[in-house]
Amino acid sequence: MTAGLWAAAAVGGALGAVGRYAVSRAAGAALGDASAWGTLFVNVAGSAAMGLLVAWLARGGGGEGARAFLAVGVLGGFTTFSTFALDAVTLATERSLAVAGVYAAASVGLSVLGLLAGLAAGRALL
């Protein structure tokens, strides 16, 4: 990966993170302390955007720079759930629905367990 692609991913990531923060703040303002609803919106919108982007890239749109900036950067900073959704669909179409199901269940389950382990470690150490 060239320096330009790293820079594209970094700038895109910053923009995506700012967008995620703005959506979370807006959801909180509109719905009260509703960060979960902001997260839901970000995940659904980011996944839809990833689908549109992948379709565009598959038809020859953009290129490696556009992928680094938009997919890895903007959407990665906005929500990694869009990448998770793309990986699950790719596994379902290229491998099997069973493999995609195991991946999805393991991703969610292990991530929740990882968070719980991190919380426990932080409480014990801090």
Side-chain angles (χ1 to χ4, degrees):
M1 193 168 184
T2 68
L5 293 176
W6 284 95
V11 170
L15 293 173
V18 168
R20 179 185 183 89
Y21 183 69
V23 168
S24 294
R25 296 286 298 188
L31 303 170
D33 187 21
S35 63
W37 298 113
T39 300
L40 175 64
F41 177 81
V42 162
N43 288 339
V44 172
S47 295
M50 181 66 85
L52 288 168
L53 177 61
V54 168
W56 177 66
L57 291 171
R59 291 184 178 250
E64 196 172 358
R67 182 183 172 281
F69 177 72
L70 295 170
V72 176
V74 174
L75 292 177
F78 190 62
T79 173
T80 58
F81 201 85
S82 59
T83 303
F84 161 78
L86 176 62
D87 289 345
V89 169
T90 300
L91 285 172
T93 57
E94 293 181 1
R95 301 275 305 273
S96 71
L97 190 56
V99 171
V102 168
Y103 168 76
S107 293
V108 173
L110 293 173
S111 293
V112 169
L113 288 174
L115 179 102
L116 291 171
L119 283 172
R123 289 178 180 146
L125 297 171
L126 303 175

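Counting from 1, the numbers follow the sequence of the chain as shown. As a basis for the values below, the full set of heavy atoms in this structure was taken, side chains included, without hydrogen atoms, waters or symmetry mates.
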Contacts under 3.5 angstrom, residues 48-70 side chains, donor-acceptor by atom type, not counting sequence neighbours:
none

Report yes or no: do [X] and [Y] belong to one cluster of Ile/Leu/Val/Met/Phe/Trp/Tyr joined by side chain heavy-atom distances under 4.5 Å?
X	Y	answer
Phe41	Phe81	no
Val102	Leu97	no
Val44	Leu31	yes

Which pairs would a plain distance check flag for residues 85-95, meaning a side-chain donor or acceptor within less than 3.5 Å of a matching protein atom at least two apart in sequence or in another chain?
residue	atom	partner	partner atom	Å
Asp87	OD2	Tyr103	OH	3.4
Thr90	OG1	Leu86	O	2.8
Thr93	OG1	Val89	O	3.1
Thr93	OG1	Thr90	O	3.2

Checklist entry - Between Gly76 and Thr80, which heavy-atom pair has the shortest distance, and what is it? => result O-CG2, 3.7 Å
Checklist entry - So, do Phe84 and Asn43 sit near enough that their side-chain heavy atoms are less than 4.5 Å apart? => result no
